[in-house]
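Note sheet for the following structure.
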Amino acid sequence: MVRMTVAGIGGFFLVFIEAYIVIMLTGYHSIDFDGISPFISIWSMNFFLLFSILTSIKPWIAERMSKNQETSLRR
């Protein structure tokens, strides 16, 4: 549940960060998303990107902690 919340809020902020980067690179003054549907599409791509990253972080941290404990036990 926490992953979904963080991914939802983070995906929303990523839309604006990406839009700002596009504005800075192209020299435009604003971006028109042409309605709610394209905005939701961009948000959902960002949501699933962040959700997959957050899903893989938990096992990575657990694996890293177990390796650290193994090395500390060998000393």
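Treat the numbers as computed from the prediction; the structure is a model and nothing was measured. We're numbering straight along the sequence, starting at 1.
Other residues, nucleotides and ligands place more than 12 heavy atoms under 6.0 Å from the CZ atom of Phe39.
Rounding to the nearest 0.5 angstrom, the gap separating the CD1 atom in Ile21 from the CZ atom in Phe16 is 14.0 Å. Between atom CD1 of residue Ile61 and atom OG of residue Ser66 there is a gap of 12.0 Å, rounded to the nearest 0.5 Å. A distance of 11.5 Å separates CD1 in Ile9 from CE in Met4, rounded to the nearest 0.5 Å. Rounded to the nearest 0.5 Å, atoms CG (Leu49) and CG (Leu14) are 7.5 Å apart. Considering OG1 of Thr5 and CZ of Phe51, their distance stands at 10.0 Å, rounded to 0.5 Å. Atom CZ in Phe48 sits 6.5 Å away from atom OG in Ser44 (nearest 0.5 Å).
Connection of Met45 to Ile17 is not established within any shared hydrophobic cluster, with ILVMFWY side chains joined at heavy-atom distances below 4.5 Å, either directly or through further cluster members. Val2 and Ile53 fall within the same hydrophobic cluster, where Ile, Leu, Val, Met, Phe, Trp and Tyr residues are linked whenever their side-chain heavy atoms come under 4.5 Å apart, directly or through other members. Residues Met24 and Ile31 are members of separate hydrophobic clusters, defined by side-chain heavy-atom contacts under 4.5 angstrom among Ile, Leu, Val, Met, Phe, Trp and Tyr.
Aromatic ring centres of Trp43 and Phe47 lie closer together than 6.0 Å.
The side-chain heavy atoms of Glu18 and Ile42, taken from C-beta on, include a pair separated by under 4.5 Å. In this structure the side chain of Phe33 reaches within 4.5 angstrom of the side chain of Val15, judged on heavy atoms. Under the 4.5 Å side-chain criterion, counting only non-hydrogen atoms from C-beta, Arg3 is not in contact with Leu50.
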